[in-house]
Protein chains: 2
Amino acid sequence: MDNLSEMLKGVLEGIVLEIISRGEIYGYEIVKYLTQMGFEGIAEGTVYALLMRLERNRLVNIAKKPSEMGPPRKFYTLNEQGREKLMSFWAKWDFLSSRIEILRNNGGNKHEL
Amino acid sequence: MDNLSEMLKGVLEGIVLEIISRGEIYGYEIVKYLTQMGFEGIAEGTVYALLMRLERNRLVNIAKKPSEMGPPRKFYTLNEQGREKLMSFWAKWDFLSSRIEILRNNGGNKHEL
DNA sequence: TACTGTATATAGTATTGCTAAGTAGTGGCT
DNA sequence: AGCCACTACTTAGCAATACTATATACAGTA
């Protein structure tokens with residue numbers, strides 16, 4: 001799979017919000033989770049920058065906790081605004097993906113809906 | 001539906017390539033077709049800029065023809081590179097949308113695949 | 001003349017993901 | 001002690017792409 005990066009724009013944020021919505025989690029763990037999901041190409045820097053943005057935009061709550069394995073971890077949870085943003089993401093995703101499926105299934109039809 | 005623009009990044013090009021693949025078409029008609037599809041927010045300027053990019057990247061062939069209704073039209077068709085780009089788009093789309101469905105359907109599960 | 005619809009082009013901006021580099025803590029190996 | 005690997009977070013600068021706004025131009029009509 002070559003470069004997904006452009007297609008991830010506007011989608012990665014939603015994916016990360018959904019992951020956080022499942023329960024308190026910290027950045028490094030999110031990166032590993034994304035890798036497990038098959039998003040191997042997503043750079044750590046990208047995820048951390050996105051998390052900083054979520055914080056700046058007040059979509060998340062943060063709790064810093066010590067780790068036994070290294071430096072302290074920043075745990076994220078969604079706040080009310082974050083949950084709204086997540087719902088908005090799914091609405092947009094459903095809209096976009098349904099349109100695209102219509103387009104694709106419209107098969108041989110030449111510029112007709 | 002509020003702002004889809006970020007989510008369209010990397011997707012709109014694929015949509016337009018797919019539309020062109022159905023048969024010779026010109027920019028203004030593509031804009032109207034997208035509007036019909038429900039993408040009412042997509043600005044004309046966006047589509048024209050994208051078409052210029054397709055041309056610059058040699059993904060399309062172009063035939064300029066006079067119109068009875070206004071200025072001449074630029075008709076686009078896909079060339080071989082364009083068809084390859086389109087296939088690559090669908091591969092990426094399938095990858096991304098399948099991962100997202102997995103994430104979504106993973107429902108209450110807390111950070112497990 | 002002025003306005004609407006058809007048709008294309010472009011300059012400048014904002015958003016967002018990427019690369020690359022740096023900082024730090026813990027533990028294992030030599 | 002010194003080096004490396006893994007854990008964990010941050011930041012500066014770059015690239016790609018959609019948006020806004022504006023400009024150009026032709027045809028028909030009030």
Side-chain angles (χ1 to χ4, degrees), chain A residues 1-17 24-35 39-57 59-60 62-76 85 88-89 92 96, chain B residues 1-17 24-35 39-57 59-60 62-76 85 88-89 92 96:
Chain A
M1 181 67 46
D2 53 68
N3 211 10
L4 264 192
S5 63
E6 282 309 326
M7 203 180 272
L8 280 174
K9 287 192 182 173
V11 176
L12 185 57
E13 180 179 290
I15 293 172
V16 169
L17 287 171
E24 199 177 50
I25 189 169
Y26 58 97
Y28 193 76
E29 215 179 348
I30 293 174
V31 173
K32 284 190 295 179
Y33 188 66
L34 288 169
T35 303
F39 295 115
E40 294 167 31
I42 297 177
E44 275 189 29
T46 300
V47 175
Y48 285 114
L50 195 163
L51 290 169
M52 305 298 278
R53 202 170 70 234
L54 296 182
E55 183 178 357
R56 203 165 55 247
N57 296 344
L59 303 175
V60 288
I62 293 177
K64 206 159 192 169
K65 302 182 187 179
S67 163
E68 292 160 6
M69 307 293 292
R73 298 162 171 169
K74 275 175 75 177
F75 283 85
Y76 294 87
K85 188 87 173 178
S88 158
F89 163 73
K92 288 190 229 174
L96 180 61
Chain B
M1 182 67 46
D2 52 69
N3 212 11
L4 265 193
S5 62
E6 283 309 325
M7 202 179 275
L8 280 174
K9 285 188 185 176
V11 176
L12 185 57
E13 180 179 290
I15 293 173
V16 169
L17 286 171
E24 199 178 50
I25 188 169
Y26 59 97
Y28 193 76
E29 214 179 347
I30 292 173
V31 173
K32 284 189 294 179
Y33 187 68
L34 288 169
T35 303
F39 295 115
E40 294 168 31
I42 297 177
E44 276 190 26
T46 300
V47 175
Y48 285 112
L50 194 164
L51 290 170
M52 302 301 279
R53 202 171 70 233
L54 296 182
E55 184 178 355
R56 203 165 55 247
N57 295 344
L59 303 175
V60 288
I62 293 177
K64 206 158 192 170
K65 302 183 188 179
S67 165
E68 292 159 6
M69 308 291 292
R73 297 161 172 170
K74 274 174 76 177
F75 283 85
Y76 294 87
K85 188 87 174 179
S88 158
F89 163 73
K92 288 190 228 174
L96 180 61

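In what follows, chains carry the letters A, B, and so on, assigned in the order in which the sequence lines appear, proteins first and then strands, with residues in each chain numbered from 1.
The CE atom of A:Met52 sits 17 Å away from the P atom of C:dT15 (whole-angstrom rounding). Here the P atom of nucleotide C:dG17 and the CD atom of A:Glu13 are 7 Å apart, to the nearest Å. Per the geometry, CD belonging to B:Glu6 stands 8 Å off C1' belonging to C:dA14, to the nearest Å. Computed from coordinates, the A:Leu17 CG to C:dT16 P distance equals 11 Å when rounded to whole Å. Straight-line distance from the CG atom of B:Leu4 to the C1' atom of C:dT15: 15 Å, rounded to whole Å. At whole-Å resolution of the value, CG in A:Leu34 and P in C:dC18 are 10 Å apart. Distance, B:Lys64 NZ to C:dA7 C1': 10 Å, rounded to whole Å. Rounded to an integer number of Å, the gap from B:Lys9 NZ to C:dT15 P is 9 Å.
The existence of a salt bridge linking B:Lys9 and B:Glu6 is confirmed by a sub-4.0 Å separation between a basic side-chain nitrogen and an acidic carboxylate oxygen. Taking 4.0 Å as the cut-off between side-chain N and carboxylate O, A:Arg73 and A:Glu24 do not count as a salt-bridged pair.
Contact of the B:Leu96 side chain with the A:Phe39 side chain is registered, since non-hydrogen atoms from C-beta on lie closer than 4.5 Å.
At a threshold of 4.0 angstrom between heavy atoms, the contacts of B:Gly27 are confined to the sugar-phosphate backbone, with no base atom among them. Contact annotation for B:Leu51: no contact, since no heavy-atom pair falls under 4.0 Å across all strands. Using a 4.0 Å heavy-atom distance criterion, A:Ser5 is classed as a sugar-phosphate-only contact.
Judged by closest nucleotide on DNA chain C, B:Tyr76 is the one of A:Arg53 and B:Tyr76 placed further toward the 5' end.
Applying a 4.0 Å cut-off to non-hydrogen atoms, the residues of residues 65-75 of chain A that approach DNA chain D are A:Ser67, A:Met69, A:Pro71, A:Pro72, A:Arg73, A:Lys74, listed by residue number.
Cation-pi check for A:Lys65 over A:Phe75 is met; the charged atom lies under 6.0 angstrom from the ring centroid and within 45 degrees of its normal.
For B:Thr35 (side chain) and B:Val31 (main-chain N/O), a donor-acceptor pair under 3.5 Å exists by modelled atom type.
In this structure, the separation between CD on B:Glu55 and OH on B:Tyr76 is 5.5 Å, given to the nearest 0.5 Å. Atoms CG and CD, on B:Leu50 and B:Glu13 in that order, are 5.5 Å from each other to the nearest 0.5 Å.
Partners of B:Ser5 by side-chain contact (heavy atoms from CB on, under 4.5 Å), not counting sequence neighbours, listed by chain and number: B:Asn3.
With a heavy-atom cut-off of 4.0 Å to chain A, the contacted part of DNA chain D has its first and last nucleotide at D:dT7 to D:dT17.
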Check against side-chain contact (heavy atoms from CB on, under 4.5 Å), A:Lys92 and A:Phe89: CA-CA 5 Å; A:Lys92 288 190 229 174; A:Phe89 163 73; 5.7 Å; no
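Comparing C:dT16, C:dT10, C:dC18 by their closest approach to the side chain of B:Tyr48 singles out C:dT10.
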